[in-house]
Number of protein chains: 2
Amino acid sequence: MATVPRPGAHVCGIDAAMDVIGGKWKVLILWALGERPHCRFGELRRLVPGITEKVLAAHLRELEADGIVHREAHQEVPPRVEYALTEAGRHLNAALAPLGVWGRDHVLNR
Amino acid sequence: MATVPRPGAHVCGIDAAMDVIGGKWKVLILWALGERPHCRFGELRRLVPGITEKVLAAHLRELEADGIVHREAHQEVPPRVEYALTEAGRHLNAALAPLGVWGRDHVLNR
DNA sequence: CTGGATCCAAAAAGATACTG
DNA sequence: CAGTATCTTTTTGGATCCAG
């Protein structure tokens, strides 16, 4: 195998995971969906203050493509779309917990 | 309190940690330093294939500022500088482990 | 209400050359 | 050896307007 096998390849599980949660707001979206499952788009926008519609939509599409969130569009007017964590998304949230503890202990409360 | 208290503030430990490990190569640097403590600059560059000197130096300075790595310059010719994880850095690596497992299980081997 | 489309600014990273 | 200095390129996110 080459030192850099192919562009975009991951050398270990950690940087593979980092690609999935690398967006500026993604962990906040995951956290929000963990706290409140089956969130609507506008609800998420309120739960993640400061994010724009465009970026929220983009991140949700990426998370969906990565199998982290499930998107369900109900055929109604006005439109209603609900987002929820998949099984993989819940596992990811659990794997993120120790990192949250570390951040609180070593970065926050200074 | 405002919805976004002040620019750059963190709302939870996870995104605080994400700021620390957010660089493209940082987790690989941490992993290398975990495997091989007391690494020299050129050694690290070889252990993280593809990274440029500029980016490696910049990331090391940021990690040092965040208290993750310790830099020790020996006054010799030719120059010798050694990098090592701090206690916080070792704890961070440990907190990253579950994320690595998740990445292997859900992103790699497809 | 849920976004898509467009344009723009800022940040991050890469290439290359050079120095104590 | 261990970086710094520049310059360019790429990526990311923000602002705004518009549509089904």
Side-chain angles (χ1 to χ4, degrees), chain A residues 3-4 6-11 15 18-30 32-33 36 38-66 69-84, chain B residues 3-4 6-11 15 18-30 32-33 36 38-66 69-84:
Chain A
T3 49
V4 177
R6 63 180 186 279
H10 300 122
V11 299
D15 70 322
M18 287 299 298
D19 260 16
V20 172
I21 59 174
K24 181 175 179 181
W25 307 88
K26 282 188 183 173
V27 298
L28 297 180
I29 296 172
L30 291 188
L33 284 175
R36 183 180 299 222
H38 300 286
C39 246
R40 299 184 57 172
F41 186 86
E43 209 173 348
L44 270 175
R45 192 172 39 176
R46 284 187 294 276
L47 289 174
V48 185
I51 197 172
T52 64
E53 301 162 354
K54 172 202 165 183
V55 173
L56 177 56
H59 281 182
L60 284 171
R61 270 186 271 112
E62 290 179 16
L63 290 170
E64 190 191 0
D66 286 327
V69 307
H70 172 73
R71 178 184 186 274
E72 187 159 4
H74 304 263
Q75 290 310 321
E76 307 170 359
V77 286
R80 182 165 61 97
V81 179
E82 290 196 336
Y83 293 91
Chain B
T3 48
V4 176
R6 64 181 184 279
H10 300 123
V11 299
D15 70 323
M18 287 299 298
D19 260 17
V20 173
I21 59 174
K24 181 174 178 182
W25 307 88
K26 282 189 184 172
V27 298
L28 296 180
I29 295 171
L30 292 188
L33 284 175
R36 182 180 300 223
H38 301 286
C39 246
R40 301 181 58 170
F41 186 87
E43 209 172 347
L44 269 175
R45 193 172 38 176
R46 284 186 293 277
L47 288 174
V48 186
I51 197 172
T52 65
E53 301 161 354
K54 173 202 165 184
V55 173
L56 176 56
H59 281 182
L60 284 171
R61 271 186 269 113
E62 291 179 14
L63 291 170
E64 190 189 1
D66 286 327
V69 308
H70 171 72
R71 178 184 186 274
E72 189 161 3
H74 304 262
Q75 291 309 321
E76 308 171 358
V77 286
R80 181 164 61 97
V81 179
E82 290 195 336
Y83 293 91

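Every chain is numbered from 1, with letters handed out A, B, ... down the list of sequences.
Look at CZ on A:Arg80: it is 17 Å from C1' on C:dG3, rounded to the nearest Å. When rounded to the nearest whole Å, the span between CG of B:Leu56 and C1' of C:dT16 equals 17 Å. Atom CG of A:Asp19 and atom C1' of D:dT11 are 13 Å apart (whole Å). Rounded to whole angstrom, the span from the CD atom of A:Glu76 across to the P atom of C:dC1 amounts to 14 Å. A:Arg40 places its CZ atom 10 Å from the P atom of C:dG3, with the value rounded to the nearest Å. Note: CH2 (B:Trp25) to C1' (C:dA12) measures 13 Å, nearest angstrom. Across the protein-nucleic acid pair, B:Arg45 atom CZ and C:dT16 atom C1' stand 14 Å apart, rounded to whole Å. Rounded to whole Å, the distance from CD on A:Glu64 to P on C:dT2 is 15 Å.
Put simply, B:Tyr83 has no side-chain N or O that comes within less than 4.0 Å of OP1 or OP2 on D:dC1. Dashed line: the shortest gap from a side-chain N or O of B:Arg61 to OP1 or OP2 of D:dT4 is under 4.0 Å.
With D:dA2, D:dG14, D:dG20 as the candidates, the nucleotide lying closest to the side chain of A:Pro79 is D:dG20. Of the listed nucleotides (D:dT4, D:dA2, C:dG3), C:dG3 has the atom at the smallest distance from the side chain of A:Arg71. Here the nucleotide nearest the side chain of B:Val55, chosen from C:dG3, C:dA13, D:dG3, is C:dA13. Among the nucleotides D:dC1, D:dT4, D:dG14, the one closest to any side-chain atom of B:Ala57 is D:dT4. Out of D:dA15, C:dG3, C:dG14, the shortest distance to the side chain of B:Lys24 is found at C:dG14.
At a cut-off of 3.5 angstrom, counting only N and O atoms as typed in the model, there is no donor on one side facing an acceptor on the other between the side-chain of A:Lys54 and the base of C:dG4.
For the pair B:Ile21 and A:Met18, the tightest heavy-atom approach, listed with the atom from each and the gap, is O-CE, 3.5 Å. Across B:Asp19 and B:Lys26, no two heavy atoms sit closer than the pair O-NZ, 4.4 Å.
Note that the CD atom of B:Glu82 and the CZ atom of B:Arg71 stand 11.5 Å from one another [nearest 0.5 Å]. Expressed to the nearest 0.5 Å, how far CG of B:Leu28 lies from CG of A:Asp15 amounts to 5.0 Å.
Residue-level contact check: B:His74 touches neither bases nor backbone, having no heavy atom under 4.0 Å from any strand.
Comparing B:Glu62 and B:Glu53 along DNA chain C, the residue whose closest nucleotide (by nearest heavy atom) sits nearer the 5' end is B:Glu62.
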Please test A:Leu33 against A:Leu47 for side chain to side chain contact (heavy atoms under 4.5 Å, CB included), starting from the C-alpha separation and ending with a verdict.
CA-CA 9 Å; A:Leu33 284 175; A:Leu47 289 174; over 6 Å; no
